[in-house]
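Below is one structure, written out as structure tokens; the observations come after it.
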Amino acid sequence: SAARRYAQRGFQIFPANPRTKAPLTTNGMKDATADIDQIDRWWTQHPNALIACRIPEDQVVLDIDPRHGGHTTWQALEQSYATILSTKLHASGRNDGGAHHWFMRPAGKLSSKRLDQWAERNRVGHDLGGKWTSGIDIIQHDHRYTILPPSPHPETSEPYTWRRKGEPGDMPAFLAHLVTIDDTPPS
């Protein structure tokens with residue numbers, strides 16, 4: 001019923017493996033749909049599937065991963081700039097502080113390059129064997145997907161939960177700058 005409700009609200013969703021989070025569709029997230037009949041067929045075939053969501057084209061999700069220092073990067077960003085208020089937010093069922101912050105997609109090409117560099121300069125995030133990560137992943141329409149509440153996390157069986165259900169707001173300018181790159185060739 002939750003999958004149907006998301007589809008009725010226009011979310012493009014698809015079933016994901018309850019043990020691995022991998023798509024249970026032929027073409028992965030590219031099969032995502034809001035078609036209720038298709039949703040019914042999928043969840044009849046996979047009643048325990050997680051509800052996976054393809055991010056709308058005009059939105060972006062920042063995935064805070066505490067296992068790679070995402071929470072310390074987020075805190076450092078707020079201390080350096082300002083409190084980051086996301087009007088739409090859901091928490092991971094892993095219960096480790098992981099969260100998915102939804103925003104309207106800023107203009108430009110999205111990339112974690114500047115954010116990772118900022119995290120490295122500020123000694124937050126995580127060293128992945130010579131490659132620094134902020135611990136904040138960018139999830140967008142054609143890159144990755146998110147698992148929606150009330151799907152249970154594969155490792156803990158605890159549900160993902162909505163913390164804020166509002167419409168995504170604009171990303172603060174400083175954060176938009178850190179998650180975009182200027183790929184305009186110099187003149």
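Judged by distance alone, the side chains of R41 and Q38 do bring a donor and an acceptor atom under 3.5 Å apart.
In the displayed structure, E78 atom CD is contacted under 6.0 Å by more than 12 heavy atoms of other residues, nucleotides or ligands.
Remark: side-chain polar atoms of D96 are paired, donor with acceptor, to backbone N or O of G98 under 3.5 angstrom. Remark: side-chain polar atoms of R164 are not paired, donor with acceptor, to backbone N or O of H90 under 3.5 angstrom.
Shown here are the ring-ring contact (aromatic ring centres under 6.0 Å, His included) partners of H153, two or more places apart in sequence or in another chain: Y160. Among residues two or more places apart in sequence or in another chain, the side-chain contact (heavy atoms from CB on, under 4.5 Å) test is passed with T161 by A91, P159, R163. Residues that satisfy the ring-ring contact (aromatic ring centres under 6.0 Å, His included) test with H126, not counting sequence neighbours, are H68. With sequence neighbours excluded, no residue satisfies ring-ring contact (aromatic ring centres under 6.0 Å, His included) with W132. With sequence neighbours excluded, the residues satisfying side-chain contact (heavy atoms from CB on, under 4.5 Å) with D137 are D63, R144.
Note on K30 versus D142: no salt bridge recorded, every NZ/NE/NH1/NH2 to OD/OE distance being 4.0 Å or above. Under a 4.0 Å N-O distance rule, the pair R94/E155 qualifies as a salt bridge.
Hydrophobic clustering, with ILVMFWY side chains joined whenever heavy atoms are under 4.5 angstrom apart, groups F174 together with I64. Under the 4.5 Å side-chain heavy-atom criterion for grouping Ile, Leu, Val, Met, Phe, Trp and Tyr, M29 is connected to Y6 within one hydrophobic cluster. In the hydrophobic cluster analysis, where Ile, Leu, Val, Met, Phe, Trp and Tyr join through side-chain heavy atoms closer than 4.5 angstrom, F11 is grouped together with W42.
For the atom pair CG of L77 and CD1 of I136, the computed distance is 5.5 Å after rounding to the nearest 0.5 Å.
Between F14 and Y145, the ring-plane angle classifies as perpendicular under the 30° and 60° cut-offs.
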Just list the side-chain donor-acceptor pairs under 3.5 Å for residues 45-52, sequence neighbours left out, or say none.
none

